[in-house]
Amino acid sequence: MQEAGEFTMKMHPMWQGPLVAPGGNRQSPIDIRVRKSVFDPHLMPLIPEYDPRTCSQVWNNGYSFLVEYNDTTDKSTLKGGPLEDVFRLCQFHFHWGESNAWGSEHTVDRRLFPAELHMVHWNSNKYKLFEEAVMEENGLAVIGVFLKIGKRHEGLQKLVDVLPAVRHKDSVVEFTRFDPACLLPANIDDYWTYAGSLTTPPLTEAVTWIIMKQPIEVSHEQLAVFRSLLFTSAEEEVQKSMVNNFRVQQPLKGRTVRSSFT
Ligand code: BO1
Ligand code: ZN
């Protein structure tokens, strides 16, 4: 799987450039070693409060498809858990593999999942815009949810149905009234948390990661629709399937992963 990731990084121009050079002390993603994580009894339950009316559009940005939310007010927020401030939802997206054998960015005791959901939030207590928050240590909070193959996910299907409209890079389609909470697992009380970074450029070390212990189930057919998307725009001659859009794992460098559960 690491080989597949390295391959993607070499093949795909978006991962090249100086920002990928080694250097940071809190880069993501990482392998979560369950027995090395430290139970923290002070970790609170997470409080996601999302208003489906803030959902606005889906776009293929050439590395994933983003479901974007209007983040001009505090209508869709995340608080609690390891967070001291209120964080506003701006988008969610996924990372996935060409086969079900790999695709997630984080791993659990080296176990790979076929895909991983990222719900991206920024600190609206302290900052006025995402662009401001992304520069700060405590600026962002991303929830990670592992996807595993099982029964069809009815909530996700509403999104899967519009994906053919954003097959090419830079295509956008209106997408409204989608409740992102339907993509969270039934148990949101059990999670791991650690200090990390964005996993694509600008790779900023601004993220409090919250990784759900319980995966959600999606069908093979639903992931097949993710894989039918393209990294390339309609104008390009050689079309490239959007698969293996995950970053390789990064060194822990002395960080502690805390767990909310024993
Ligand atoms: S991730 O969750 O660590 N994979 C991740 C990686 C990159 C971004 C977000 C999450 N990038 C940023 C862009 C901004 C954009 C913002 C919200 O996402 O750098 O330009 O405003 O969509
Ligand atoms: Zn991501």
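All ligand and atom numbering here is 1-based and tracks the order in the structure.
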Novice: Would you find a donor on one side and an acceptor on the other, under 3.5 Å apart, between the side chain of Asn61 and the backbone of Ser64?
Specialist: yes
Novice: Nearest protein heavy atom to atom 10 (C) of ligand 1, by residue and atom, and its distance?
Specialist: Leu198 CD2, 3.5 Å
Novice: In ligand 1, which numbered atoms sit nearer than 4.0 Å to a non-hydrogen atom of Pro202?
Specialist: 19 (O)
Novice: Is atom 18 (O) of ligand 1 less than 4.0 angstrom from some protein heavy atom?
Specialist: yes
Novice: Number the atoms of ligand 1 from 1 as they appear, then name those within less than 4.0 Å of a heavy atom of His95, with their elements.
Specialist: 4 (N)
Novice: Taking the inter-plane angle between the rings of His93 and His118 on a 0 to 90° scale, is it parallel (under 30°), tilted (30 to 60°) or perpendicular (over 60°)?
Specialist: perpendicular
Novice: What I want to know is whether Thr200 and ligand 1 share at least one N or O pair that is separated by under 3.5 angstrom.
Specialist: no
Novice: To the nearest 0.5 Å, what is the distance between CG (Leu66) and CG (Asn60)?
Specialist: 8.5 Å
Novice: Report the member of Phe130, Tyr63, Phe92 with the shortest heavy-atom distance to atom 21 (O) of ligand 1.
Specialist: Phe130
Novice: Can you say whether the rings of Phe261 and Trp192 are parallel (under 30°), tilted (30 to 60°) or perpendicular (over 60°)?
Specialist: perpendicular
Novice: For ligand 1 and Thr199, I'd like to know whether there is a polar contact (N/O to N/O, distance under 3.5 Å).
Specialist: yes
Novice: Please verify whether a non-hydrogen atom of Trp209 lies at under 4.0 Å from ligand 1.
Specialist: yes
Novice: Any idea which atoms of ligand 1 are less than 4.0 Å away from a heavy-atom of Val120?
Specialist: 2 (O), 10 (C)
Novice: Hey, what's the angle at the Zn ion (ligand 2) spanning NE2 (His93) and ND1 (His118), nearest 10 degrees?
Specialist: 110°
Novice: Give the residue, atom name and distance (to 0.1 Å) of the protein heavy atom nearest atom 2 (O) of ligand 1.
Specialist: His93 CE1, 3.3 Å
Novice: Would you say the ring centers of Phe65 and Phe94 fall short of 6.0 Å from each other?
Specialist: yes
Novice: Find all atoms of ligand 1 within a distance of less than 4.0 Å from any non-hydrogen atom belonging to Gln91, and give their numbers and elements.
Specialist: 9 (C), 17 (C), 18 (O), 22 (O)
Novice: Compute the ring centroids of Phe231 and Tyr63, then answer whether they are less than 6.0 Å apart.
Specialist: no
Novice: Tell me if the CD atom of Glu137 is crowded by more than 12 foreign heavy atoms within 6.0 Å.
Specialist: no
Novice: So that I know where these two stand, are Tyr194 and His106 an aromatic pair - ring centroids less than 6.0 Å apart?
Specialist: yes
